[in-house]
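Structure, as structure tokens:
Protein chains get the first letters and strands the later ones, always in sequence-line order, with residue 1 at the start of each. Scope of the values below: all heavy atoms of this structure, side chains included, with no hydrogens, waters or symmetry mates. None of these values were measured; they are calculated from a predicted model.
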Amino acid sequence: MKNREGTVMSVDWTPERIEILTQLWNEGIATSEIGRRLDVTKNAVVGKVHRLGLPKRQSPIQRKPAKKKKAPEPEVITMDKLRPGMCAWPIGDPGTPGFHFCGGKAVEGKPYCDTHCEQAYVRSVKDDRNNAKRAS
DNA sequence: CCCTGATTCGC
DNA sequence: GCGAATCAGG
């Protein structure tokens with residue numbers, strides 16, 4: 001695109017250029033060729049084509065769903081993944097499929113993370129009160 | 001390694 | 001919305 005006469009921000013996808021792009025694409029011209037023709041990169045072409053919803057080509061390519069840039073996918077902490085310093089709060093029923101642990105950062109000296117320490121503590125308080133009553 | 005297109009993601 | 005980077009198939 002252009003900013004008021006001159007400074008190029010990116011390619012100006014005018015209707016003409018889009019038409020050329022579409023036509024060349026429908027003729028089966030390679031993206032790199034189209035890019036050369038319109039003076040843009042092949043990535044720009046394929047990106048635009050994809051955005052325009054034009055028919056796909058070289059079909060049987062199936063990309064990995066995984067991406068390494070972001071969203072590393074929250075790992076499920078199974079027993080073998082559990083390490084010291086990880087919250088060992090059980091999730092699910094032990095011995096059944098899908099059983100795993102919280103896996104969060106455990107509080108120093110505790111087997112659980114902050115959240116699960118609190119939950120454990122709530123129970124402890126009740127028990128401690130009863131125990132304390134009896135003890136005293 | 002070259003080509004291709006496909007998808008994600010920072011801008 | 002754009003396209004470089006990255007990825008996957010040929």
Side-chain angles (χ1 to χ4, degrees):
Chain A
M1 293 175 183
K2 288 174 187 170
N3 186 17
R4 292 185 184 267
E5 322 300 326
T7 55
V8 177
M9 299 175 76
S10 68
V11 177
D12 194 359
W13 282 112
T14 62
E16 287 86 8
R17 299 187 121 229
I18 292 176
E19 191 177 343
I20 294 169
L21 165 62
T22 304
Q23 185 177 327
L24 292 176
W25 180 261
N26 287 335
E27 285 178 23
I29 308 300
T31 53
S32 57
E33 184 64 29
I34 300 173
R36 224 172 287 123
R37 178 84 166 74
L38 278 82
D39 194 35
V40 295
T41 65
K42 74 182 184 70
N43 286 339
V45 173
V46 72
K48 184 62 182 171
V49 165
H50 185 254
R51 228 169 284 123
L52 288 171
L54 290 172
K56 297 175 188 274
R57 290 219 210 125
Q58 197 167 343
S59 31
I61 316 178
Q62 289 179 14
R63 210 170 182 279
K64 274 188 187 172
K67 234 33 224 150
K68 61 178 176 184
K69 298 227 179 299
K70 290 235 167 148
E73 165 186 334
E75 188 179 12
V76 172
I77 308 302
T78 46
M79 264 188 272
D80 51 310
K81 299 252 176 63
L82 189 65
R83 303 268 185 290
M86 296 173 83
C87 177
W89 189 267
I91 298 174
D93 299 320
T96 67
F99 173 68
H100 59 285
F101 299 96
C102 167
K105 182 184 176 297
V107 176
E108 178 65 27
K110 297 283 180 67
Y112 306 127
C113 69
D114 232 330
T115 303
H116 289 133
C117 269
E118 280 183 41
Q119 296 196 21
Y121 183 62
V122 169
R123 269 199 105 238
S124 294
V125 169
K126 285 182 182 173
D127 291 350
D128 285 352
R129 279 210 188 127
N130 293 335
N131 290 340
K133 253 186 185 175
R134 265 204 243 111
S136 52

Q: Would you mind reporting whether A:Thr115 and A:Cys87 have side-chain heavy atoms less than 4.5 Å apart?
A: no

Q.
Just to be sure I understand the rule, does A:Lys42 reach a base, reach only the sugar-phosphate, or reach nothing, if contact means heavy atoms closer than 4.0 Å?
A. base

**Q.** Separation of atom CZ in A:Arg17 from atom C1' in C:dC2, rounded to whole Å
**A.** 13 Å

Q: Starting from C1' on C:dC2, measure out to CH2 on A:Trp13 and report it in whole angstrom.
A: 10 Å

Q. So which residues get pulled into A:Phe101's cluster when ILVMFWY side chains under 4.5 Å apart are joined, directly or through others?
A. A:Ile77, A:Met79, A:Leu82, A:Met86, A:Phe99

Q) Between atom CG in A:Asp12 and atom P in C:dC2, what is the gap in whole Å? A) 10 Å

Q) Taking atom P of C:dG1 as reference, at what distance in whole Å does atom CD1 of A:Ile18 sit? A) 11 Å

(Q) Less than 4.5 Å apart, side chain to side chain, heavy atoms only: is that true for A:Leu21 and A:Leu52? (A) yes

**Q.** Interatomic distance where CG belongs to A:Asn43 and P belongs to C:dC7 [whole Å]
**A.** 13 Å

**Q.** Short side-chain N/O contact from A:Ser32 to OP1 or OP2 of B:dC3, under 4.0 Å
**A.** no

**Q.** Nucleotide nearest A:Val46 (side chain, heavy atoms from C-beta), chosen from B:dA6, C:dG3, B:dT4
**A.** B:dA6

Q | Length of the line joining A:Ile34:CD1 and B:dT4:P, which is rounded to integer Å | A | 11 Å

Q) Among pairs that include at least one residue of residues 77-101 of chain A, which meet salt bridge (charged side-chain N to carboxylate O under 4.0 Å, His left out), considering only residues two or more places apart or in two chains? A) A:Glu75-A:Lys81

Q: Rounded off to whole Å, could you give me the CZ-to-P distance for the A:Arg51 and B:dC9 pair?
A: 15 Å

Q) Do any side-chain nitrogens or oxygens of A:Lys56 fall under 4.0 Å of OP1 or OP2 in B:dT4? A) no

Q: Grab the CH2-P distance between A:Trp25 and B:dA6 for me, whole Å please.
A: 5 Å

